[in-house]
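Since the structure comes first, as structure tokens, the remarks are kept for the end.
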Amino acid sequence: MTVTDTATRSSASAAADGVGVSAPRPDGVPKVDGSFVYSSDEYHDGSLWGVTLRSPHPRARILAIDTSQAAGVDGVRCVLTHEDVPGSKLFGMNTYDQPVLAFDEVRYQGEPVAVVAATHPEIARRACELIVVDYEELVPVTNPEIALSGQVEGLPQGGLVRHVRIRHGDVDEARATAEVTVKGRYEMGTQDPAFLGPESGLAVPLGDGGVELYVSTQDLHRDQRQVADCLDLPLDRVRLVLSGVGGAFGGKEDLNVHIHACMLALSTGRPVRMVYGREESFFGHVHRHPAIADVELGATRSGRLVFTRVRLVLDGGAYTSTSQVVIANGCYFAAGAYDVDNVEIDGYATYTNNPPCGAMRGFGAVQSCYAIESAMDRLAAALGMHPLELRMRNAISEGDLLPTGQPVDGPAPVQEILSYLRDLPLPADSDHTTGDMRARPGGVGNVTRGEGIRRGVGYALGMKAIGFSGGKDDTCTARVTVWIRDGEPVAEVHCAAPEIGQGVVTLQAQIVRTELGVRTVELRDSDTDIAESGASSASRQSWMTAGAVVGACALVRDEILERAAAVLGSPAAGLSLDGTEIHDCDGRPVLSVAELLGPESVSHAYTYSHRVTEPVDPERGQGDAHIAFAYAAHRATVDVDVDLGLVRVVEMATAQDVGTAMNPLAVEGQIEGGTVQGLGLAVMEELQFSDGRIVNPSFTDYLIPTMLDVPPMPMKIFEFPHPDSPYGLNGVGEPPNLSSTPAILNALRDATGLELPRAPVRPSDLVIELGGRANRRASARPLQA
Amino acid sequence: MKVNVTVNGVDHSVDHVWALESLLDFLRERIGLRGTKNACEQGECGSCSVYVDGVLVCSCLVAAGQVEGCSVVTVEGLAPDRGVHPVQQAFLDAGAVQCGFCTPGMVVAAHCLLADDPVPDDLTVREQLSGNLCRCTGYQKILDAVYLAAERAGAAPSRQGSRP
């Protein structure tokens, strides 16, 4: 059977709590009453605690490891090193290059070296301190430009993860026609995903030599393959079950406790819990790549872009993780959401001895959006043009060619998005000399009386691909089962799609209600008993899971109607299903589902695939690599205390096209959350390093926005249905994270007249008397009404 | 040491508590109430917020031994009879829950805020809840939830209750 005309058969959005309404979360009550089980809450009678010993050095040779003292501690059940890894000693997202437990050389501070299982976590921690590792310290390579120079030894692949080249038109020729050119270098520090729920899990050894792992993750099946390879077990002996995920944002794609907990459980024959503390968490997951971007733009005097040239360097740190894909994604959108005929992009991801970087919300496009949008404001200033006008004059639209040669298909309502921000009234001026101190930059603790405060307004536009790109085979499977309980139909959905906070569980229930009309929808735990869903990443999971659930519902409905047709002796084509009743072609109920099914159930799985994509070629970076694109823009309003270098973001106005708002409240929540993560990256969040060592691995020193730091966020959600997706939905989670940061940077530039070439902006960057008078830039012209 | 404490109205007497054991660990591991969350364990994030004798605290910063003879109320104890407290209901209705890891602490803190100031203004809510970090929502829906709870309590003041 095939999935056909689901939209016409279903009464989209008509069903109570169906598609298109803000249906409640099925996990909502347990999350507010404290009974929801996160991976750090997993508990098993008689379980041991696992603790990890990590390298204190960013780079060192391991000469010897002596675990004998630790193993002798009362309460310690086992101590494991690389010698105890049963299978592959390496794991990784795409490339197996990261040691399960270090051997020969540690390549970043915090790299796991040994694991201990004991009856109490404190005993395990103390035992870790008794493990003697004989290190020969080596000089770490911490500068990505030096890593790229080819002059340093000891880095994999000479320091280069991947060079991505994109060539579109002819930049050298176009340069001659450009009447105005600008150049700028923009740097970005390292952002941490800083999810609140720490890495954690429970491994339970099974009688057959296998293991069951309850863990928080973004992709159960990719984890399962890596765990099985490293344990040297067949896949069917490694069962993963999704435990409650306390946020992810990309940082739970790479493995954390997984293999360690399983090794300890299999070695001791006991269940093992592992929970990272906050400090360990900063070493236990990948970060957003820090970036250096050189951007050159050429335009005509009337503000038409003639060429764009970008060189982007992302520091991938010690191991590959997803760096080869992050750099590609950064490059695909490095020219921004603009129609420009001549583009030259070179992106480099490097190896260094900094901590590994990998996926984080936006996946490389955050860095390149920040760079291009900063450069666009510089160009606007050079042209004496309002930055919004420059953007509207060059905005991409449907049919335009991307730098990768792919025509933009699907809605591209960039003009509409920007027009909303242009027409939205600005927030009222704040009178900080008399107003509430809590509203001033710096709040109550650090303010003047408002004498040095200046207002600024900035804009930014972002564009990103939705879903996996570049020829990656991508599927999602769901099973839907309908049976009768207490005389009423009940539907169960089984799908491995990880619920990481975004609400994919809500969506599954909404879809079943819409497609089948069944009110009671139950969600089975996500696990590896069903085929894969792919990762909750790349803003893809709603699209992919919706496709799978819609498909499975169609198969279930078809079978129910065929069975009904057999009973009724009339063709199935004339029948319809509204959850409890079968209706005839006149809409009259003719048979109840309860009567039809009796004690039987109807169950079907469906595997959804999106359209085929292709990799870009290595020479010119050309290819139809993407399935869809999404757009968002921000207008930031800031108050800056230029005497103290303090910032108050006054308002973040935003507009985004979401295709179809499947659950409007959830969509708003994604946009607000993404906007605030971008705000953090603009003005406060930076993981700081000294010679490869993280100096601020705590929430005391790594600051994420609090409720006092966030402003009102007026927003406009556009719904231009995407022609290729279920219900016309589009990915939502990442786009608001792109343009938020550069909009704030541009507002700060507007307020201060400073170049501000680095994000996050630090107070010392903003104090005009101390800071770069030499960096003052020409001011932009006001927007012509 | 031995610790005698009332948690959510139930008396507990626990032996062999470590001198440096936090109230957070005590609640999660000794009493088995894991609704109170462990996100930073240094008083920065508010995920472990509970009441001790009616005072809002970060349970990670309180030693278990300090609650001897006290009455502790956790997220599990806000609503009578395992139902949902109006503040919790407001979080659900306003869309204030995503991953939910901050939610128990945020709910307890919001409950405390509204008990002290039933009609708080915007900056007061922001200031009072600024010790509770959320990484998912951007806080707007949490603000909406607090206003919704305040508004509903205004319609029926007796439902809001007071600090336990």
Side-chain angles (χ1 to χ4, degrees), chain A residues 22 24-25 27-38 40-41 43 122 193-198 244-249 275 277-279 436 438-439 443-444 499-503 665-666 668-677 679 698-700 704-710 712-713, chain B residues 18 20 28-29 32-45 47 74-79 82-85 87-89 91-104 107 121-143:
Chain A
S22 297
R25 299 183 65 103
D27 56 5
V29 170
K31 281 182 172 177
V32 297
D33 74 11
S35 62
F36 188 79
V37 178
Y38 293 88
S40 52
D41 303 327
Y43 179 84
E122 199 49 43
F195 38 73
L196 285 195
V245 182
F249 317 114
V275 181
R278 180 53 49 185
E279 180 171 342
D436 194 315
R438 295 174 297 186
V444 295
E499 168 60 55
I500 57 174
Q502 82 278 43
L665 209 52
E668 289 170 19
Q670 285 296 309
I671 294 173
E672 288 158 355
T675 298
V676 170
Q677 288 185 357
L679 182 156
S698 73
F699 279 162
T700 307
I704 68 173
T706 72
M707 198 181 272
L708 259 178
D709 298 311
V710 305
M713 292 177 270
Chain B
W18 291 31
L20 294 175
R28 289 175 55 82
E29 300 299 329
L33 291 174
R34 297 191 186 83
T36 304
K37 294 301 172 218
N38 52 330
C40 81
E41 301 185 47
Q42 56 177 208
E44 293 289 350
C45 76
S47 302
T74 71
V75 66
E76 292 96 338
L78 287 186
R82 304 192 63 79
V84 174
H85 186 275
V87 172
Q88 292 168 320
Q89 189 61 48
F91 269 64
L92 295 174
D93 296 341
V97 179
Q98 287 189 29
C99 93
F101 204 82
C102 74
T103 305
V107 161
D121 65 27
D122 178 73
L123 279 169
T124 299
V125 179
R126 290 180 187 274
E127 186 181 25
Q128 291 293 309
L129 296 184
S130 65
N132 290 74
L133 298 178
C134 169
R135 191 54 158 170
C136 295
T137 65
Y139 301 106
Q140 184 58 49
K141 300 280 181 268
I142 297 173
L143 274 164

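Naming convention: chains lettered A, B, ... in sequence-line order (proteins, then strands); numbering from 1 in each chain.
With a 4.5 angstrom heavy-atom cutoff, B:Ala96 does not touch chain A via any of its atoms. There is no contact between A:Pro24 and chain B, counting heavy-atom distances below 4.5 Å. Both the backbone and the side chain of B:Val97 come within contact range of chain A, judged by heavy atoms closer than 4.5 Å. When heavy atoms are compared at a cutoff of 4.5 Å, B:Thr74 does not approach chain A at all. Both the backbone and the side chain of B:Leu123 come within less than 4.5 Å of a heavy atom of chain A. Residue A:Glu279 does not touch chain B at all, counting heavy-atom pairs closer than 4.5 Å. Neither the backbone nor the side chain of A:Val37 comes within contact range of chain B, judged by heavy atoms closer than 4.5 Å. Contact annotation for A:Ser698: both backbone and side-chain heavy atoms come within less than 4.5 Å of a heavy atom of chain B. For chain B, no part of A:Pro30 is nearby; none of its heavy atoms comes within less than 4.5 Å. Heavy atoms of A:Arg25 lying under 4.5 Å from chain B belong exclusively to its side chain. Only the side chain of B:Gln42 comes within less than 4.5 Å of a heavy atom of chain A; its backbone N, CA, C and O stay farther away.
Put simply, the side chain of B:Val75 does not reach to within 4.5 Å of the side chain of A:Asp33, judged on heavy atoms. Proximity of B:Gln88 to A:Val29: side-chain heavy atoms (C-beta onward) are nowhere separated by under 4.5 Å. The closest side-chain heavy-atom distance from B:Cys45 to A:Arg278 is not below 4.5 Å. When side chains are defined from C-beta on, B:Arg135 counts as touching A:Gln677, because their heavy atoms get closer than 4.5 Å.
Taking CG of A:Asp436 as the start and CG of B:Asp121 as the end, the distance is 7.5 Å to the nearest 0.5 Å. Atom CG of A:Leu196 is separated from atom OG1 of B:Thr103 by 9.5 Å, given to the nearest 0.5 angstrom. Of the inter-residue distances, the one linking A:Met707 atom CE with B:Thr137 atom OG1 reads 7.0 Å to the nearest 0.5 angstrom. From B:Glu29, atom CD reaches atom OH of A:Tyr43 across 7.5 Å, with rounding to the nearest 0.5 Å. A distance of 12.5 Å separates CD of B:Gln140 from CD1 of A:Ile671, quoted to the nearest 0.5 Å.
Shown here for A:Val245 and B:Cys99, the closest heavy-atom pair between the two residues is O-CB, 3.6 Å. Counting all heavy atoms, side chain and backbone alike, A:Leu665 lies closest to B:Asp93 at CD2-O, 3.6 Å. Of all heavy-atom pairs between B:Lys37 and A:Phe36, the closest is NZ-O, 3.9 Å. The two residues B:Pro104 and A:Gly34 have their closest heavy-atom pair at CG-CA, 4.5 Å. Scanning all heavy atoms of the two residues, the minimum distance from B:Phe101 to A:Pro198 falls at CZ-CD, 3.7 Å. The shortest heavy-atom contact between A:Ser40 and B:Arg28 is O-NH2, 2.8 Å.
Checking side-chain atoms of A:Glu672 against main-chain N and O of B:Gly138 turns up no donor-acceptor pair under 3.5 Å. Counting only distance, with no hydrogens or angles, the side chain of A:Lys31 and the backbone of B:Gln98 share a donor-acceptor pair below 3.5 Å. A donor-acceptor pair under 3.5 Å is absent between the side-chain atoms of B:Tyr139 and the main chain of A:Asp709, judged by distance alone.
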Start with the C-alpha distance between B:Gln89 and A:Val32, add both sets of side-chain angles, then the distance that settles side chain to side chain contact (heavy atoms under 4.5 Å, CB included), and finish with yes or no.
CA-CA 8 Å; B:Gln89 189 61 48; A:Val32 297; over 6 Å; no
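Residue with the most contacts toward chain A among B:Gly100, B:Ala94, B:Gly32, B:Cys134: B:Gly100 (heavy-atom pairs, distance under 4.5 Å). Interface remark: of the candidates B:Cys40, B:Gly95, B:Gly35, B:Cys40 forms the most heavy-atom pairs closer than 4.5 Å to chain A. Ranked by heavy-atom pairs shorter than 4.5 Å toward chain B, the options A:Leu679, A:Thr700, A:Val676 are led by A:Thr700. Annotation: maximal heavy-atom pairing with chain A below 4.5 Å, among B:Asn132, B:Leu92, B:Val84, occurs at B:Leu92.
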